Amino acid sequence: MSDHLLNPLTVICAGSCFAFSGLFYKLYSDKRQVVQKLKEIPNFQADHHLLRILNASSNKRLHYVAVEGLVQAIGEPISSQYVPRCHGVIQKITVHEHWKYWNSVLKTWVSKKVNKQQTTNTVPFSLVQPGSYISEVSVRVESPLEASGDYLEQVHKRLRQAKEGLMDAVVGELSGEKPVALEEREELLRVGSALTAFGELVLEQDKIMRLQPPKDGRSYILIPSDYKSFIQQHENSANMWKGLTALFGITGFALIAGFIHSAVNKDKKN
């Protein structure tokens, strides 16, 4: 009976391996294209060299570049509401209420987050050359809330349990809903953190460099790392898909070769 099952089982396993290998190759190919496009984007530090290039460009404008530097507030930064001596230029505070609701079908209490409240504050900021917090040359970042990217750092998270008295417990049992906890979370783009911004760079009449959302429809992105680390992350992802492509492809060929080898040996014995 095992002889009859061997051929279909081998074909299914080998076919699955080849299918996964093809899928991983497609993901690898897409990621390599992303890496290649990223490497084609001009990359600059927020320094005098960038100022000279921008000043020599047509219309004092670079349509799409990556500028990396350290975050520096223009004026007073935002102080964290929960962490002492922690300052930033973008602050997001989120408050969730955790409630439990009685599910009559499952006969159990189900937890849900409700009444989400979110407050966002921002102050003007610029990028300066790493190693120099005080610099004559800087790049002002305009409209940062319009940018995509996971550039905020969580600096505080607390879950405060709801105080429930006897009367509250009785009311909760009767109504089928009761408060459980209050979750507070604060995120900051901290002063002094490394940031790489992708966008359109223009030079104002007062020699101030300003990075803004591109007018040609390309993505306005803020990345919480330097440019080299950002590219390395994408290359590591591409190499992972490449390795999985090879692994599943070799496994599929090994299954087919093993089946053929065992079949040939069986024929010789017969």
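Throughout, residue positions are numbered sequentially from 1 according to the sequence presented. Any value given below was found using the heavy atoms of this structure, including those in side chains, with hydrogens, waters and symmetry copies removed. Worth saying up front: this structure is predicted, and the values here are computed from it rather than measured.
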Do [X] side-chain atoms and [Y] backbone N/O form a donor-acceptor pair below 3.5 Å?
X: Thr196; Y: Glu68; answer: no
X: Glu146; Y: Pro213; answer: no
X: Ser21; Y: Cys17; answer: no
X: Ser29; Y: Tyr25; answer: no
X: Asn239; Y: Lys242; answer: no
X: Tyr151; Y: Ala197; answer: no

May I ask you to decide whether [X] forms a salt bridge with [Y], counting only side-chain N to carboxylate O separations under 4.0 Å?
X: Glu204; Y: Arg210; answer: yes
X: Glu200; Y: Arg61; answer: yes
X: Lys228; Y: Asp226; answer: no

Discussion item. Can you confirm whether or not the ring centre of Phe44 sits under 6.0 Å from the ring centre of Tyr227?
Written reply: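 Aromatic pair excluded; centres sit 6.0 Å or further apart.
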
Worksheet entry | Residue pair Phe198 / Tyr220: nearest heavy atoms and the distance that separates them |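 That closest heavy-atom pairing would be O-CD1, 3.1 Å.
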
Worksheet item: Using the ring of each side chain (for Trp, its six-membered ring), is Phe248 parallel, tilted or perpendicular to Phe20, with breaks at 30° and 60°?
Response: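 Phe248 vs Phe20 ring planes: tilted.
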
Practice prompt. Determine the interplanar angle of the Phe230 and His234 rings, folded into 0 to 90°, and report it as parallel if under 30°, tilted if 30 to 60°, perpendicular if over 60°.
Written response: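 Geometry flag for His234 against Phe230: perpendicular rings.
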
